[in-house]
Q: 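If you scroll down you'll find the structure; I have some questions about it.
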2 protein chains.
Amino acid sequence: MFSIEQLQAFVATVEAGSFSAAARSLSKAQSVISQHIINLEIDCNATLFERTGRYPQLTDAGKQLLPQAKAVLNQHQRLTNSALALNEKTPTEITIALDEGIPFKTIASIISKLQSKYPYVSLEFLSASSHDIIDMLNSEKPITGIIFSELNIPSYLDYECIGSVKFDLYVAKSHPLAGIRCENMDGLRLHRQLLLRSRNTQTSSFQLKISPEIWYADNYFVLLELAIQGNGWCLLPNHVAVDAVQSGELVKLPLEFEEMGWLANVDVLQHQQHSNQEVFKVLRNLLRNFLKI
Amino acid sequence: MFSIEQLQAFVATVEAGSFSAAARSLSKAQSVISQHIINLEIDCNATLFERTGRYPQLTDAGKQLLPQAKAVLNQHQRLTNSALALNEKTPTEITIALDEGIPFKTIASIISKLQSKYPYVSLEFLSASSHDIIDMLNSEKPITGIIFSELNIPSYLDYECIGSVKFDLYVAKSHPLAGIRCENMDGLRLHRQLLLRSRNTQTSSFQLKISPEIWYADNYFVLLELAIQGNGWCLLPNHVAVDAVQSGELVKLPLEFEEMGWLANVDVLQHQQHSNQEVFKVLRNLLRNFLKI
DNA sequence: AGCTAGTATCGGCAAAAGCGATATGTTTAG
DNA sequence: CTAAACATATCGCTTTTGCCGATACTAGCT
């Protein structure tokens, strides 16, 4: 019978690259990992690692088994989180961490419905970048995160998509780009781009460096201000730009080329340990059914 | 850390109704189960069973944990099956077990494509009732089952829906029902119904007893013959009835009332131990993409 | 009251998990 | 080519865990 320890040793070896490294990552002796893998191989009647070179290489059999092993460990982790949840009381305070690029206004209407159902809980709102929010969610506090979809969400988080936010390109009315129609991306490369730094990773298909000259800011409202003052063009959520557009300070860039589907999906995230709490189920249900971001 | 043994003890207790019964079902001593449950409760810091009465009752905490525990065991089972699969060679013979109500003609065209890709494998076809097919799938032989969707498919089987079969009500042209339009079910109750016995369980929404007088048969072609000879009305897959309708022996019952969506979903089933074999992936892919049942 | 079917606990055994030490193999840098 | 650095396998040993059987106790039924 495959034990959890064996599977952990197996997966850790693949992830760490060697038995020794796996032992370190699991805080066990190297001989323990070695023995686990050998036993696993005996149980499977198959070699899982090629041990010729310095680092063990997964065999085909190992590659076949790996996703199954990971699935068991994931499920096991989920069980552990559920067990922790058994000892929790309904929280007295709910914290919602919101990516800065997501309009708070639409969230607020949902919250009032939640409040009427759970009048005793107090609410707290935080703004942060999507990455920082993911980090926050690993704390003791039961935080609900609302962020732009990121590719790599840790396995201990539950998430679901609840909508999307439309982005467009904006420049100041006085900016040279404002008058002309760009037929392709190249037109943008001739002018300075204003870009969000905190989410400037490979995970987001947004926030791409297009122009060779870039100014960075770490939040959308600074970008907005920079754009208004004519410092460059900028990809902004429409709700951030709408006021400046109405007042005539900013214009949406008229584009000929495809808009690349500049719709950013919005996810609600929660630690598995808290996600089954009644109040959070209700919250997510409200977000899912009544929110049109 | 939750061990597989603890979880098995927990789930077995819920399913068997008592620690002792669980011990018997797992072929272990009763004290072992008792100890596992106690340890599980210590790990969770929560009572999982109410032990006041004769039989232990799941507490709320237990109810919360149960689905997670089952999920881990399911995943573990799947891993075990995958491990078994590592030692299998590509089969030299493929057996496809088909529910009698599913048209073979459409399957045959798929099979020829498979044959061209794997010319060396020999093929075998079996007809049986959906229930019998499910039993067959638990054998050593890697059998592919194609059956009407049933509610309770054992957890060791992989399945997916690949289409549906249309059913209609048929009677002989000479039958009294043939002339009149039934406005509701009651009209049917006045005449003998011809019904399939082998699938006459609670699992299928088809094969309902409607008339008080019923004749049974264990396959569709006997039912067809009985219907042709004017012995009653009958719910048949259209492809079974089509010839008799064309020759004028049988007519489709004109119904006023809703057709209850008499579309039976068709699933392809396979034991997890074999489902990852290349040849079966190809087979299922053919069924999924090219089959219009 | 007595029977039956259940649970908890104890002592003991065997298997398994873990550790550290050591022998040995593979790279890489000097 | 050699030595240093890093890797794996194996051995003996201790600790923990899984399991058993025996026993005491409890709930429910007749």
Side-chain angles (χ1 to χ4, degrees), chain A residues 1-59 61-62 65-66 69 72-73 76 79-80 83, chain B residues 1-59 61-62 65-66 69 72-73 76 79-80 83:
Chain A
M1 171 122 78
F2 302 107
S3 73
I4 298 294
E5 286 82 3
Q6 284 174 346
L7 301 180
Q8 282 177 332
F10 176 50
V11 173
T13 299
V14 175
E15 284 174 353
S18 76
F19 295 0
S20 306
R24 287 190 294 271
S25 83
L26 293 176
S27 307
K28 303 200 169 163
Q30 171 265 321
S31 60
V32 172
I33 307 299
S34 181
Q35 211 35 68
H36 273 316
I37 301 289
I38 289 170
N39 288 335
L40 206 55
E41 290 179 323
I42 291 170
D43 287 355
C44 296
N45 188 31
T47 307
L48 298 177
F49 290 100
E50 203 58 61
R51 293 163 172 83
T52 53
R54 180 171 198 153
Y55 296 100
Q57 297 290 320
L58 263 187
T59 61
L65 215 59
L66 181 61
V72 174
L73 292 181
H76 189 263
L79 171 71
T80 306
Chain B
M1 169 119 81
F2 302 107
S3 73
I4 298 295
E5 286 85 2
Q6 284 174 345
L7 301 180
Q8 281 177 333
F10 176 50
V11 172
T13 299
V14 175
E15 286 175 352
S18 77
F19 294 1
S20 304
R24 287 190 294 271
S25 84
L26 294 176
S27 307
K28 303 200 170 163
Q30 170 265 321
S31 60
V32 171
I33 308 298
S34 181
Q35 210 36 67
H36 273 316
I37 301 289
I38 290 170
N39 288 335
L40 204 54
E41 291 180 322
I42 291 171
D43 286 354
C44 295
N45 188 31
T47 307
L48 298 176
F49 290 100
E50 203 58 64
R51 291 159 172 87
T52 54
R54 180 170 197 153
Y55 297 100
Q57 297 289 319
L58 262 188
T59 60
L65 215 59
L66 181 60
V72 175
L73 292 182
H76 189 263
L79 170 70
T80 305

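Labels below follow one simple rule: chain letters A, B, ... track the order of the sequence lines, proteins then strands, and each chain is numbered from 1. Values reported hereafter were calculated over all heavy atoms of this structure, with side chains retained and with hydrogens, waters and symmetry mates removed.
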Q: As an exercise, state the distance from CG of A:L48 to OG1 of A:T13, rounded to the nearest 0.5 Å.
A: 10.0 Å
Q: Can you tell me how far P of C:dA17 sits from CD1 of A:I37, to the nearest Å?
A: 13 Å
Q: Dump every N/O contact between nucleotides 10-15 of chain C and the protein below 3.5 Å, one line per pair.
A:
none

Q: Tell me the interatomic distance from B:Q57, atom CD, to C:dG6, atom P, rounded to whole angstroms.
A: 14 Å
Q: Can you check whether B:Y55 and B:F49 have ring centres sitting under 6.0 Å from each other?
A: no
Q: Between P on C:dA8 and CZ on B:F49, what's the gap in Å once rounded to a whole number?
A: 10 Å
Q: Keeping B:S34 on the side-chain end and B:S31 on the backbone end, is there a donor-acceptor pair under 3.5 Å?
A: no
Q: Evaluate the side-chain proximity of A:M1 to B:H76: yes if any heavy-atom separation is below 4.5 Å, no if none is.
A: yes
Q: Without decimals, in angstroms, what is the distance between A:Q30 CD and C:dG20 P?
A: 12 Å
Q: Pick out the pairs of N or O atoms, protein on one side and nucleotides 27-30 of chain C on the other, that lie under 3.5 Å.
A:
unit_1	atom_1	unit_2	atom_2	d
C:dT27	OP1	A:R54	N	3.1
C:dT27	O4'	A:R54	NH1	3.2

Q: Along DNA chain D, 5' to 3', what are the outermost nucleotides having an atom less than 4.0 Å from a heavy atom of chain B?
A: D:dG18 to D:dG28
Q: Send over the distance from B:N39 CG to C:dT9 P, rounded to a whole Å.
A: 11 Å
Q: Send over the distance from B:E5 CD to C:dA17 C1', rounded to a whole Å.
A: 13 Å
Q: With rounding to the nearest 0.5 angstrom, report the CD1 to CG distance, A:I4 to A:L79.
A: 9.0 Å
Q: Starting from C1' on C:dA17, measure out to CD on A:Q8 and report it in whole angstrom.
A: 13 Å
Q: In Å and rounded to the nearest 0.5 Å, what is the CD to CD1 distance from A:E5 to A:I33?
A: 10.5 Å
Q: Could you check if a side-chain atom of B:F10 sits within less than 4.5 angstrom of a side-chain atom of B:L65, using non-hydrogen atoms only?
A: yes
Q: Would a 4.5 Å heavy-atom cut-off, applied to side chains only, mark B:H36 and B:L26 as touching?
A: no
Q: side-chain contact (heavy atoms from CB on, under 4.5 Å) with B:Q35: which of B:I37, B:N39, B:V32?
A: B:N39
Q: What is the distance from atom CD of A:E15 to atom CG of A:L66, rounded to the nearest 0.5 Å?
A: 8.0 Å
Q: Of the non-hydrogen atoms in A:A22 and A:A9, which two are nearest, and what is the gap between them?
A: CB-O, 4.4 Å
Q: From C-beta outward on B:S20, which listed nucleotide comes closest to its side chain: C:dA17, C:dT7, C:dT9?
A: C:dT7
Q: From CD1 of A:I38 over to C1' of C:dG18, roughly how many Å is that when rounded to an integer?
A: 15 Å
